[in-house]
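All remarks here apply to the structure that follows.
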Amino acid sequence: TMRRAVERGATMTQQLLAFARQQPLAPRLCNVNHLITGFEPVMRGAIPSSVKFEVKLADDLWPVMVDEARLEAALLNLVVNARDAMPEGGRLTLATSNVNLGPNEAGTLQPARYIRICISDTGVGMSAETRRKAFEPFYSTKDVGRGTGLGLSQVHGFVVQSGGEVVLHSREGEGTTVEMYFPISA
């Protein structure tokens, strides 16, 4: 028990330092579909058999410059959040696509070409208040000891630091969709 508490404290300290410092990224040219395919067993291992997990990868996804380890951490964070939102089971979908954004189509992003990674669940969804606070550090709807409240804020920080944007869609009783947009590599 003590070892787990110490490890949890160390992990939380590392997360806090990463969040506070916005640690430098190590971006490299990445085929996100290949990254997802290689990381899929880890994501599947994080969800119970009561959750149907479907991966839909776009053909010829454009390459992006991204820190692969941080992207994997973001994906796992979102998969775990989706899992926790579906205690009775449900459907989790991870999809990639190429998108040509126009003005005001995804947060503050400028019109250009991006890839979108979309994670959708059929879970409990979020109230309007929870949606407003979802990316705030330390905000959590989970019971004490079940989460740090840093997951979504870290995802948001990483995506924005990568030149992208996170868009959140959710309704109570209808599930949640998180869209991560990354600028393509020219």
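No experiment lies behind these values; they were computed from the predicted model shown.
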**Message:** With heavy-atom distances below 4.5 Å as the criterion, would you say the side chains of V178 and D121 are in contact?
**Reply:** no
**Asked** Under the side chain to side chain donor-acceptor pair (under 3.5 Å) test, which residues partner T122, sequence neighbours left out?
**Response** none
**Asked** What do the steps show when you test V64 against S185 for side-chain contact (heavy atoms from CB on, under 4.5 Å), and what is the final call?
**Response** CA-CA 5 Å; V64 296; S185 184; 5.5 Å; no
**Request:** With sequence neighbours left out, write down each residue that passes salt bridge (Lys or Arg N to Asp or Glu O under 4.0 Å) with R44, or none if nothing qualifies.
**Result:** E40
**Prompt:** By ring pair (Phe, Tyr, Trp, His ring centres under 6.0 Å), which residues pair with F182, not counting sequence neighbours?
**Reply:** F158
**Item:** V66 side chain near L35 side chain, heavy-atom distance below 4.5 Å
**Value:** no
**Asked** Hey, are the side chains of E179 and I119 touching, using non-hydrogen atoms and a 4.5 Å cut-off?
**Response** no
**Prompt:** Can you list the residues that meet the side chain to side chain donor-acceptor pair (under 3.5 Å) rule with D67, with sequence neighbours excluded?
**Reply:** none
**Message:** To the closest 0.5 Å, what do you measure between CD1 (I115) and SG (C30)?
**Reply:** 7.5 Å
**Request:** Applying side chain to side chain donor-acceptor pair (under 3.5 Å), name anything that partners S120, two or more places apart in sequence or on another chain.
**Result:** T177
**Request:** Would you kindly confirm whether M43 and V32 end up in one hydrophobic cluster when ILVMFWY residues are joined by side chain heavy atoms under 4.5 Å apart?
**Result:** yes
**Request:** Output all residues satisfying salt bridge (Lys or Arg N to Asp or Glu O under 4.0 Å) with E72, sequence neighbours left out; order by chain, then residue number.
**Result:** none
**Item:** Approximate separation, where rounding is to 0.5 Å, of R83 CZ and L76 CG
**Value:** 8.5 Å
**Request:** Could you list the residues that satisfy side chain to side chain donor-acceptor pair (under 3.5 Å) with N98, not counting sequence neighbours?
**Result:** none
**Message:** Count I, L, V, M, F, W, Y as connected when their side-chain heavy atoms are under 4.5 Å apart, and connections chain through other members. Are L75 and I47 then in the same cluster?
**Reply:** yes
Contacts under 3.5 angstrom, residues 51-61 side chains, donor-acceptor by atom type, not counting sequence neighbours:
none

**Message:** I want to check something: taking the side chain as every heavy atom from C-beta on, are M86 and R91 in contact at a cut-off of under 4.5 Å?
**Reply:** no
**Message:** Evaluate V160 against V166 for side-chain contact (heavy atoms from CB on, under 4.5 Å), listing each step before the verdict.
**Reply:** CA-CA 8 Å; V160 170; V166 180; 5.6 Å; no
**Prompt:** Can you name the side-chain contact (heavy atoms from CB on, under 4.5 Å) partners of S97, sequence neighbours left out?
**Reply:** V99, R116
**Request:** Could you give me the CA-CA distance, side-chain angles and deciding distance for T176 and L168, then say whether side-chain contact (heavy atoms from CB on, under 4.5 Å) is met?
**Result:** CA-CA 7 Å; T176 299; L168 177 69; 3.6 Å; yes
**Request:** Take V167 and Y181 through the test side-chain contact (heavy atoms from CB on, under 4.5 Å) and record every step on the way to the result.
**Result:** CA-CA 8 Å; V167 178; Y181 292 87; 3.9 Å; yes
**M65: hydrophobic cluster co-members (side-chain, 4.5 Å)** = L29
**Message:** Any non-hydrogen side-chain atom of E172 less than 4.5 Å from a side-chain atom of V124?
**Reply:** no
Side-chain donor-acceptor distances from residues 104-114 under 3.5 Å, at least two apart:
{"unit_1": "E105", "atom_1": "OE1", "unit_2": "G102", "atom_2": "N", "d": "3.0"}
{"unit_1": "T108", "atom_1": "OG1", "unit_2": "E165", "atom_2": "OE1", "d": "3.1"}
{"unit_1": "Y114", "atom_1": "OH", "unit_2": "Q110", "atom_2": "O", "d": "2.8"}

